[in-house]
Amino acid sequence: MANLILILGDQLSHQLSALEGADKDNDRVVMAEVHDEASYTNHHKKKLIYIFSAMRHFARELKQEGWHVHYQRYHPDNPEKSLEAVVSKLAAEYKPERLITTECGEWRLHSQISQWHEHLGIPVEIRPDTRFACRKQEFADWAKGRKQLRMEFFYREMRKKTGLLMTPEGKPEGGQWNFDSDNRKKWSGKPPAPAPFRVEPDSVTREVIQLVEEYFPDHFGTSEDFHFAVTADQAQAALEHFIDFALPCFGDYQDALSDHEDWLFHSILSPYLNTGLLDPTDVCQAVAQAWYSGRAPLNAVEGFIRQIIGWREFVRGIYWLLMPGYAKENRLNNQRSLPWFYWTGETKMRCMHKAIDATARNAYAHHIQRLMVTGNFALLAGIHPEEICDWYLAVYIDAFDWVELPNTLGMVMHADGGYLGSKPYAASGKYIQRMSDHCQNCHYRVQDATGEKACPFNALYWHFIDRHRDDFANNPRMAMMYRNWDKQPDERRRAILSRGEWLLANLEEL
Ligand SMILES: Cc1cc2nc3c(=O)[nH]c(=O)nc-3n(C[C@H](O)[C@H](O)[C@H](O)COP(=O)(O)OP(=O)(O)OC[C@H]3O[C@@H](n4cnc5c(N)ncnc54)[C@H](O)[C@@H]3O)c2cc1C
Ligand code: SF4
């Protein structure tokens, strides 16, 4: 008897475990654009366009390969508003033997799907997602008994396991595991950053753009100038574009920020990796090959591979290890609301304006904008983790709960008490000045901590250090900050704290 095979919007891989061993003639693939998934947060318009268009292209490819595909297009009047409703209707119609799916990337939906068998009256087979280098159980085994989890050690295990950048003798290529110290250059405009890879929207994408404009007009961001890849072939071309034009400088300028360039030397591959258009191992192998063939330096190639088999796998492991409690963590007891300028970009802080404006236009900001600008500000300002997590989940094209949540709640907000990072990435304006050219165009003065025009990051940074003394004073990696703070004259400390208090009470004015 036939099975129903459910494929979700971030599972657009022909090698998906749910499709393994399936019978093309009899089984039926189900894909659906449903209200509940499109509306559980204020998804950026470009994120909705990307996912719907990539789904439609994937369904078309499946049909061309001879699969029977039931595809539900989004319409607000569709009676089936949830995936469960779609699947229930089809189960009643086709009476399949079972529903087969690949485990999804989000606790919310995972807990729902795990209960479906009770309502559907058929077994629901949830298969492991094999598109990661590290299985969930493997990560849990690695984490067992460790007081703190450190990405660097996990990453070395993944290097050994995958063989990426390993010599035949089992040593790391170049004699080091990590070349991060080479990857902290400021970018002064040279060498010029390559234009991002572009795909002009075809008729399928244009139809989806209209749909999103019609039914999601109030969602964040703009649909203008949509140019992301929406098929695996196009995503492969995006990977080749990255290797040819950006990878050689990826390492050097990985931490840089620019007032003029949105994308710098980043790969812009996260949407494709997270939805299955690209396979992470294939991507890493192609990038490693660029080093072996002399097309890119080792600091760039190692740095890039570490982001994928290191950070990406590590945050996923943490997510599944600690959910659902993880999402509720707030160890620094932050209670402030997210300032409205996160949605409008209307702030006099140049670095924040630039990062939010790029986010609204592109549904993308690179890692350092997310971590050291918008994230750093939320940390220093004591924003409630749930509010800032919801913002990151909404505004980025690559945002899926399993990867967004640990990055925001753990890496940025330190709300998990240091499980993911050994110290908070808190920084004053000095860091942003060192890594960017924003400050010279800013209303505020980066060299000042007090006074009306003083850079808000400065007083907020010291206020953060001061108010969290109990949380961090004993952390050896923070000791120097406390020594610097404690040696300031009392009067100066009082003035900075008072400016910090004013800023915290007037966040919306900044
Ligand atoms: C607050 C915050 C929220 C984030 N939310 C997301 C998110 O929702 N989805 C997401 O994919 N990434 C997220 N990241 C990680 C990272 O910022 C993005 O993966 C990266 O900016 C994507 O752009 P890129 O493809 O050009 O990356 P590149 O800089 O070119 O890096 C290459 C790849 O490495 C991976 N990678 C790099 N850093 C990380 C990381 N910290 N965690 C996981 N993977 C990483 C990505 O797959 C990325 O495509 C977040 C980071 C922060 C600080
Ligand atoms: S002065 Fe402060 S607020 Fe302005 S760009 Fe520099 S770091 Fe950002």
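Just so you know, ligand 1 is whichever comes first in the structure, and atom 1 is the first atom listed for that ligand.
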More than 12 heavy atoms of other groups within 6.0 Å of F153 CZ: no
Quick one: look at F250 and ligand 1, take heavy-atom pairs under 4.0 Å, and tell me if it's side chain, backbone, both or neither. side chain
How far is atom 11 (O) of ligand 1 from the closest protein heavy atom, and which atom is that? N274 ND2, 2.8 Å
Please determine whether any non-hydrogen atom of F304 lies less than 4.0 Å from an atom of ligand 1. yes
Nearest non-hydrogen atom to atom 21 (O) of ligand 1 belongs to which of E313, H367, Q369, M372? H367
Between D416 and G410 the two heavy atoms that sit nearest each other are OD2-CA, 3.5 Å
Taking 4.0 Å as the limit for heavy-atom contacts, which would you say applies to D398 with ligand 1: side chain only, backbone only, both, or neither? both
Using a 4.0 Å cutoff against the non-hydrogen atoms of L269, which atoms of ligand 1 qualify? 25 (O), 49 (O)
Taking atom 33 (C) of ligand 1 as the reference point, the nearest protein heavy atom with its distance: I308 CG1, 3.8 Å
If you measure from the Lys or Arg side-chain nitrogens to the Asp or Glu carboxylate oxygens, is any gap between K186 and D437 under 4.0 Å? no
So, 2.8 Å as the limit: is an N/O/S atom of C439 located closer than that to atom 6 (Fe) of ligand 2? yes
for atom 39 (C) of ligand 1, nearest protein heavy atom and its distance come out as W311 CB, 4.0 Å
Can you tell me which residue and heavy atom of the protein come closest to atom 2 (Fe) of ligand 2, and the distance to 0.1 Å? C455 SG, 2.3 Å
Tell me the protein heavy atom at minimum distance from atom 4 (Fe) of ligand 2, and give that distance in Å. C442 SG, 2.3 Å
Give me the residue, atom name and distance of the protein heavy atom closest to atom 8 (O) of ligand 1. A399 CA, 3.1 Å
Which of the listed options, I268, V403, N407, D401, holds the heavy atom that is closest to atom 41 (N) of ligand 1? N407
Ligand 1 atoms nearer than 4.0 angstrom to some heavy atom of V412 are 1 (C), 53 (C)
Regarding K348 and E509, does a basic nitrogen lie under 4.0 Å from an acidic carboxylate oxygen? no
Could you list which atoms of ligand 1 come closer than 4.0 Å to a heavy atom of L273? 47 (O), 49 (O)
Atom indices of ligand 2 within 4.0 angstrom of Y444 heavy atoms, with elements: 1 (S)
Tell me which part of M411 gets within contact of ligand 1: side chain, backbone, both or neither, using heavy atoms under 4.0 Å. side chain
Any idea which protein heavy atom is nearest atom 8 (Fe) of ligand 2, and the distance to it? C351 SG, 2.4 Å
If we number the atoms of ligand 1 from 1 as shown, the ones under 4.0 Å from a heavy atom of R312 are 43 (C), 44 (N), 47 (O)
Would you mind checking if D466 and R493 are paired as a salt bridge, meaning a charged N to carboxylate O distance below 4.0 Å? no
Could you tell me whether Y364 and ligand 1 have an N or O pair separated by under 3.5 Å? yes
salt_bridge(R350, D259) N-O dist < 4.0 Å: yes
Could you tell me if the side chain of F139 sits less than 4.5 Å from the side chain of F314, heavy atoms only? yes
Salt bridge between K160 and E157, side-chain N to carboxylate O under 4.0 Å? yes
Nearest neighbour in protein (non-hydrogen) for atom 29 (O) of ligand 1: H266 ND1, 2.7 Å
Y50 side chain vs I397 backbone, donor-acceptor pair below 3.5 Å: no
pair M478-P424: side-chain heavy atoms closer than 4.5 Å: yes
Before accepting this row, confirm whether a basic side-chain N of the pair R316/E103 lies closer than 4.0 Å to the acidic partner's carboxylate O. yes
Atoms in ligand 2 flagged as close to V446, the criterion being non-hydrogen separation under 4.0 Å: 1 (S)
The protein heavy atom nearest to atom 13 (C) of ligand 1 is R370 NH1, 3.5 Å
Do R370's NZ or CZ and the ring of Y364 fall within the cation-pi criteria of under 6.0 Å and 45°? yes
Is the shortest side-chain heavy-atom distance between L165 and L298 below 4.5 Å? yes
Residue and atom name of the nearest protein heavy atom (relative to atom 35 (C) of ligand 1), distance in Å to one decimal: Q307 O, 3.6 Å
With a 4.0 Å cut-off, would you call R108 and E106 a salt bridge? yes
Are E173 and W291 close enough that some pair of their side-chain heavy atoms sits under 4.5 Å apart? yes
Options P271, A238, S267, ranked by nearest heavy atom to atom 30 (O) of ligand 1, top entry: S267
Please classify the L393 to ligand 1 contact at 4.0 Å (heavy-atom distances, strictly less than): side chain, backbone, both or neither. neither
Atom 22 (C) of ligand 1: which of S270, A378, A365, C284 has the nearest heavy atom? S270
Is there a heavy atom in F242 that sits closer than 4.0 Å to ligand 1? no
Salt bridge present between K45 and E224 (N-O < 4.0 angstrom): no
Is it the case that K47 places NZ or CZ above or below the six-membered ring of F400, under 6.0 angstrom from the centre and within 45 degrees of the axis? yes
Atoms of ligand 1 close to L371 [distance to a heavy atom under 4.0 angstrom, numbered from 1]: 53 (C)
